[in-house]
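Shown next, in structure tokens, is the structure this report addresses.
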Amino acid sequence: MKKSTLVLNGLNKIVNQKQLRKILAKQIDKHMYKNIVTKDTENLKNVQLKKFGFMSAVLHSVVKNMDKGYISKDATKKLIEVLVVNTWFHDSDKKHINIVNAFEKKYGQLPPNFIVLSPTQRCNLKCVGCYASSNSETTPTLPYDIVDRIVREVHDIYGSTFITISGGEPFMYKSDGKTLFDIFEKYNDMFFLVYTNGTLINKEVAKKLAKLGNVTPAISVEGYEKETDERRGKGVYKKILQAFENLKEVGVPFGLSVTATSKNVDMLLTDEFYDLYFDKLGAAYMWQFQFMPIGRGKNIFDLTVKPKDRVKLYRQWEHILSDKKYLIADFWNSGVLTTGCIAYGRSENGYIYIDWNGNIMPCVFIPYSVDNVYDLYKNDKTIADALFSDFMKNGRKWQNDYGVSHPKTPDNWLMPCSIRDHYENFKKSILPSNAIPENKEAAEIMDDKDYYEALKKYDEELKTFTAKIWDEEYIKFN
Ligand code: SF4
């Protein structure tokens, strides 16, 4: 019997028994600490401590939600199969090794770990300020055969088993009589994280997800009922609460996605907010995204979380993760977990973003592209070829120079973002002249002096707030 099959069978038996589960969790926690913190000599100690804190929260979240009956046996089996075995035992999986070796031989580097795919711009809501909200026959949507080909290439060429789906509203996707459920079913050895507004997750959809076992929805909230309904529409929050119940009833693990702005940052600094969603409502994880200022005008910058508040959010993240063990990550403040920026198809933990028009971008938050899947496929190329444009290569060079290639002496990963935290460098050294803006707002700021100066000022201010923390708590900490 293969080593991974033995582990899979053993883990399944153990996690399905409550007492054994607790004992196993303690053992795994100890084992993780030893491997991530004690044995590691190549990274900064506090970086490893943060990684351990995050992994420990993953474990805690799974155990807690299984104890409460919020994660079914089928979902656990799939989670172990796809996430644990495929991640930890990929190195002993011949098929996976062959794929990765073939990629390295052909392209001279290892493949990225995943992609974010937005197959449709269609959405059933009309949220204030959302550029994506439209719902008609002409709303940009990738044909099913293209979505299928992209997923197949991620699986067969990148050797990856994980895809994030975003939108639009993914549960609105329809093409040639197919929906994303056809993809989830076809690629049942892959795991899908789906960003959704949650309003279409009725009992029937929840049951289908439970049967599949390889999908977790991350549902968007803006805060509590008032804040969510104000932006997303009256009655939306109640539908979200119902979606939570539908998912818990059939044991599908779900999470939340929250955009931090200057308006809701005070709420995100209170413990009550997290206690409600994790303890009372049963969320397994929460991803925080700080509002990204793309577009002209003062309003855009007024909504952005100020550097001093960003540091407060960083402290809150530290506290919630270590004291409460709730599983939370913030795309900017948690940069230490991923050795900095993960865009530009980075080899380790990296990704690229493909939107509903087939445009391939380095990151969801970098609204510029030079490649497009339709063009690539017309020329018998694959999504692997898009990793070698000047745009992607410039970004990876910056990531390497910044810290990926010297993780013992990196630059400040409390400001990891290649575009938002280092805009001057992004414009001068990363964005090539042939890059095409994704939308009107991205086009407007391309040569806008005021925008350039405003982001430069933000970056300088952020540096003054984070440099001391980085130096004392990371570089000098041993
Ligand atoms: S460009 Fe910024 S938002 Fe995108 S992965 Fe890098 S750090 Fe994150």
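Both backbone and side-chain heavy atoms feed into the values below; hydrogens, waters and symmetry mates do not. Numbering of ligands and ligand atoms starts at 1, following listing order.
A cation-pi arrangement, defined by a distance under 6.0 Å to the six-membered ring centre and an angle within 45 degrees of its axis, is present between Arg396 and Phe388. Annotation: cation-pi pair Arg346/Tyr351 absent, no NZ/CZ under 6.0 Å from the ring centroid and within 45° of its normal.
Ranking protein heavy atoms by distance to atom 6 (Fe) of ligand 1, first place goes to Cys341 SG, 2.4 Å. Counting protein heavy atoms only, atom 8 (Fe) of ligand 1 is closest to Phe331 CD2, 3.7 Å. The single protein non-hydrogen atom nearest to atom 1 (S) of ligand 1 is Ser418 OG, 3.4 Å, given as residue, atom name and distance.
Heavy-atom proximity to Ile366, at under 4.0 Å, picks out these atoms of ligand 1: 1 (S). Near Phe365, with a cut-off below 4.0 Å to any heavy atom, the atoms of ligand 1 are 3 (S). For ligand 1, the atoms closer than 4.0 angstrom to any heavy atom of Ala343 are 5 (S), 6 (Fe).
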Between Asp401 and Lys397, is a salt bridge (Lys or Arg N to Asp or Glu O under 4.0 Å) present by the stated rule, with each step listed?
CA-CA 6 Å; Asp401 293 348; Lys397 181 178 181 315; 2.6 Å; yes
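Contacts of Asp421 with ligand 1, taken as heavy-atom pairs under 4.0 Å, are absent altogether.
Within the 2.8 Å limit, Cys417 places at least one N, O or S atom next to atom 2 (Fe) of ligand 1. Residue Cys363: no N/O/S atom is found under 2.8 Å from atom 6 (Fe) of ligand 1.
Each of Tyr187, Phe162, Phe184 was scored for a ring-ring contact (aromatic ring centres under 6.0 Å, His included) with Phe192, with one residue passing: Phe184.
Ionic pairing of Lys226 and Glu230 is present here: one or more N-O contacts between side-chain nitrogen and carboxylate oxygen are shorter than 4.0 angstrom.
Using bins of under 30°, 30° to 60° and over 60° for the plane-to-plane angle, the ring pair Tyr474/Tyr314 lands in the tilted bin.
You'll find the ring centres of His60 and Tyr326 outside the 6.0 Å limit.
At least one heavy atom of Trp332 sits closer than 4.0 Å to an atom of ligand 1.
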